Student: 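Structure incoming, see below.
Counting convention: from 1, in listed order, for ligands and their atoms alike. Sequence positions, counted from 1, serve as the residue numbers for this chain. All heavy atoms count here, side chains included; hydrogens, waters and symmetry mates do not. From a predicted model like this one, the values you see are computed outputs, not experimental measurements.
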Amino acid sequence: MLEHFIFKLRGSNNLPMDEKALTQFPIALPLKEVKALTNGIINTTDLITAADGQKYIFQKINTNIFKNTEGMMKNIDIVTTHIREKAAKSGRDPERATLHFLPASNNTLLYKNENGAYRVSKYIANTVSFEGKATEKSLEMAGRSFGTFIKDLSDLDASLLSETLPNFHNTPMRIAHFLETVKSNPANRLDSAREDVDYLISLIDEGSKLSKIKLPLRVTHNDTKTSNVLVDKTTLEPLAVIDLDTVMPGLLCHDFADSIRYSANYVAEDEKEYYRAGLDIDMYKAYAKGFIPAVSSIITKEEIDTLVQGVITIVYEQAIRFLDDYLAGDVYYHTQYSEHNLVRTRTQIGLLRDMLKRRNEMEAIARDPSLYK
Ligand code: GN1
Ligand code: MG
C-alpha cells in the first residue's frame with residue numbers, strides 16, 4: 001500500500017499522507033520518494049517524486065488557521081497568473097518566477113476531504129531557499145524579491161483578492177484579543193509572564209498608531225522571511241517568492257517590516273538566550289537597500305513616512321501574538337516545549353526595546369535619497 005510505504009518513509013512521528021488526496025492530482029503514481037519538509041510552523045509539507053521522476057510539493061493545509069481555503073487558493077491563482085504574465089513580458093522564465101499549482105480533478109487548485117485540504121505545486125528544479133541565519137547579502141536579495149513582488153502586483157486591483165485571514169494585521173484587534181486572554185488567563189500562565197504582559201500593555205498607544213493612518217491597499221505577501229525566497233542553486237540569483245498563503249490586500253510597510261523583524265534581530269525568533277535580542281542595524285540597512293529601490297517607482301509619500309512605524313508595529317504585534325498564544329496554552333503556533341511561545345515573545349520584546357531607542361537611525365536609512373533614484 002502506498003500509504004504504508006509513505007508512512008515508513010516519513011517515520012513514525014508523522015501521520016501517513018492521504019493517498020486519496022494524491023490520486024486527485026495529475027501526477028504519476030506510485031510515488032518513488034517522499035521527503036518531509038519541516039520549515040513551516042503551520043502547514044504539513046512533503047517533497048514528493050512521482051513515478052516518472054517529476055518532483056512536486058504536496059501540502060496539507062492547516063485548516064484550523066486557514067479556514068477559507070477556497071479564497072486562499074483563488075488569491076494564489078490570481079497572483080501567480082499575474083506574475084507569470086509579468087515575468088514573460090520582462091524576459092524572466094515564468095515557470096521559475098512563481099509557484100505553479102496543479103488543478104485537482106475538481107478543476108480547482110485544491111482538493112478537500114474529511115481529513116483536510118490538499119494542494120500540489122511543481123517543484124522548481126535547481127533552486128534552494130535562504131535557510132538559516134540571513135546574511136547582509138541574502139537579506140538585500142530578499143528585500144529586492146519582496147519589493148519586486150509588490151511592484152509586479154501593483155497594477156492588480158487588491159480588492160479582487162479575498163482577505164483570507166480577516167484582520168491579520170489589525171493590531172487593535174490583536175491587542176483586544178490579547179487583553180481578553182490576559183483577563184481570563186485560561187492556561188494559568190500569567191504569573192510566569194507578568195513583566196512581559198505589563199511591558200506590552202504599556203505600549204498599546206505605540207502599537208496602535210499605524211492603524212490610524214490612511215494608506216493605499218496593496219497586494220502584499222505578509223510573511224517576508226528570507227526562507228520564503230527561492231534562489232537559483234548555481235547563480236544564487238533570487239527567482240521566486242514562495243509561501244503565498246497569506247497573500248492578500250495589505251500595507252506595503254508590512255512586507256518591509258516582517259523581514260526586518262525576522263532577520264535583523266541579533267537572535268533567532270526562538271533563541272533561548274533572548275536577552276541577546278536587539279536590532280542589527282546593518283541587516284536592517286541591507287533589507288532596505290534591496291526593498292526600497294524595487295518599490296521606488298510606486299511608493300507614495302505616506303508609505304515612505306510609515307516604513308519605520310510599520311516595522312515597530314509588526315514587532316509589537318508579533319510579540320503580543322506569541323504572548324497571547326503562550327497565555328492561551330499554545331493553541332496557534334506549533335511549540336516544542338511549554339515556554340516556547342514565551343521565549344519567542346521575549347526575542348520580540350528585546351528587538352522592540354532596541355528599535356524604540358534607535359528610531360531616528362532607522363528613519364534616516366529608510367529616507368536615504370540614494371534608495372529612491
Ligand atoms: C507564521 O508558519 P510561518 O512561519 O509561515 C505566521 C506568521 C508569523 C510567523 C512567526 C498564518 O508563519 O504571521 O509571523 O509564523 N503565519 C500565520 O514565525 O499566522
Ligand atoms: Mg508563512
Side-chain angles (χ1 to χ4, degrees), residues 36-46 57 59-69 71-73 75-76 99 117 119 121 129-134 142 146 149 161-171 173-174 177-178 207 220-230 240-251 253-265 267-272 274 277 287 310-326 328 330-336 340-352:
L37 305 178
T38 52
N39 284 333
I41 56 175
I42 305 234
N43 294 323
T44 310
T45 310
D46 292 302
I57 298 294
Q59 269 187 322
K60 181 176 182 187
I61 303 165
N62 185 332
T63 45
N64 285 331
I65 291 175
F66 298 108
K67 297 202 161 58
N68 177 7
T69 42
M72 171 171 107
M73 291 314 291
N75 283 358
I76 292 180
L99 295 175
R119 66 183 171 200
S121 61
S129 59
F130 291 125
E131 293 305 336
K133 185 147 173 46
F146 288 115
F149 181 83
L161 303 193
S162 357
E163 202 187 344
T164 41
L165 293 171
N167 299 307
F168 190 59
H169 283 313
N170 183 337
T171 319
M173 271 193 62
R174 299 269 187 201
H177 192 276
F178 166 67
T220 51
H221 183 276
N222 293 308
D223 193 7
T224 56
K225 298 182 177 117
T226 49
S227 56
N228 283 337
V229 177
L230 272 193
V241 161
I242 58 171
D243 188 358
L244 305 174
D245 296 342
T246 50
V247 168
M248 56 187 152
L251 304 183
C253 64
H254 291 153
D255 279 1
F256 180 65
D258 207 36
S259 203
I260 290 162
R261 178 191 74 72
Y262 198 73
S263 297
N265 194 345
V267 300
E269 196 173 73
D270 49 11
E271 169 60 57
K272 287 185 180 155
Y274 45 76
Y287 192 76
V311 178
I312 287 168
T313 307
I314 285 291
V315 178
Y316 177 75
E317 186 184 284
Q318 191 64 59
I320 57 170
R321 287 178 67 191
F322 283 145
L323 189 50
D324 191 339
D325 201 36
Y326 172 71
D330 310 323
V331 293
Y332 188 90
Y333 292 109
H334 293 177
T335 50
Q336 263 109 49
H340 204 155
N341 273 319
L342 184 60
V343 163
R344 288 174 175 148
T345 305
R346 290 179 176 163
T347 62
Q348 305 308 295
I349 288 182
L351 179 61
L352 182 61

Student: Under the 3.5 angstrom rule, does the side chain of Asp223 hit a backbone N or O of Asn228 as a donor-acceptor pair?
Tutor: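 No: the side chain of Asp223 does not pair with the backbone of Asn228.
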Student: On a heavy-atom basis, I'd like to know which of Arg321, Arg261, Arg344, His334 is closest to atom 6 (C) of ligand 1.
Tutor: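 Looking at heavy atoms only, Arg321 sits closest to atom 6 (C) of ligand 1.
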Student: Start with the C-alpha gap between Thr171 and Glu317, add the side-chain angles, then the distance that decides, and say whether side-chain hydrogen bond (donor to acceptor under 3.5 Å, both in side chains) holds.
Tutor: CA-CA 6 Å; Thr171 319; Glu317 186 184 284; 2.9 Å; yes
Student: Could you list which atoms of ligand 1 come closer than 4.0 Å to a heavy atom of Glu269?
Tutor: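 Numbered from 1, ligand 1 contributes 10 (C), 18 (O).
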Student: Tell me which one of His169, Glu317, Gln318 gets a heavy atom nearest to atom 14 (O) of ligand 1.
Tutor: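 The nearest heavy atom belongs to Gln318.
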Student: Look at the aromatic rings of Phe256 and Tyr287 and report parallel, tilted or perpendicular, splitting at 30° and 60°.
Tutor: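 If you compare the ring of Phe256 with that of Tyr287, the planes turn out tilted.
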Student: Using a strict 4.0 Å cut-off to heavy atoms of Lys225, name the atoms of ligand 1 that fall inside it.
Tutor: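 Here the atoms of ligand 1 in question are 3 (P), 4 (O), 5 (O), 9 (C), 12 (O), 18 (O).
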Student: Can you name the closest pair of heavy atoms from Glu163 and Asn167 and give their distance?
Tutor: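 Smallest interatomic distance, heavy atoms only, reads OE2-N, 2.8 Å.
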Student: Any N or O on Tyr333 sitting closer than 3.5 Å to an N or O of ligand 1?
Tutor: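 In this structure, Tyr333 places no N or O atom under 3.5 Å from an N or O of ligand 1.
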Student: Between Arg321 and Asp324, is there a salt bridge with N-O shorter than 4.0 Å?
Tutor: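 Result for this pair is no, no salt bridge flagged.
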Student: Taking both backbone and side-chain atoms of Tyr262, is any N or O found less than 3.5 Å from an N or O belonging to ligand 1?
Tutor: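 Tyr262 vs ligand 1: no N/O contact under 3.5 Å.
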Student: Under 4.0 Å, heavy-atom basis, I'd like to know which part of Asn222 is in contact with ligand 1: side chain, backbone, both or neither.
Tutor: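 Looking at Asn222 and ligand 1, no heavy atom falls under 4.0 Å.
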Student: Are any of the side-chain heavy atoms of Asn222 and Asp255 separated by less than 4.5 Å?
Tutor: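 Yes - at least one pair of side-chain heavy atoms lies under 4.5 Å apart.
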Student: Number the atoms of ligand 1 from 1 as they appear, then name those within less than 4.0 Å of a heavy atom of Phe66, with their elements.
Tutor: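 So the atoms of ligand 1 that pass are 11 (C).
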Student: What about Thr246: any of its N or O atoms under 3.5 Å from an N or O on ligand 1?
Tutor: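 Min N/O separation from ligand 1 is not below 3.5 Å for Thr246.
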Student: Does the side-chain contact (heavy atoms from CB on, under 4.5 Å) test come out yes or no for Asn43 and Phe66, once each step is laid out?
Tutor: CA-CA 10 Å; Asn43 294 323; Phe66 298 108; 4.0 Å; yes
Student: Quick check on contacts: which atoms of ligand 1 are under 4.0 angstrom from a heavy atom of Asp243?
Tutor: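 Under 4.0 Å from Asp243, ligand 1 has these atoms: 5 (O).
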Student: Taking the side chain from Asn341 and the backbone from Asp330, do they hold a donor-acceptor pair closer than 3.5 Å?
Tutor: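 Between the backbone of Asp330 and the side chain of Asn341 there is no qualifying donor-acceptor contact (under 3.5 Å).
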Student: Pull out every atom of ligand 1 sitting under 4.0 Å from any heavy atom of Tyr332, numbered as shown with elements.
Tutor: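 Matching atoms, with element in brackets: 11 (C), 17 (C), 19 (O).
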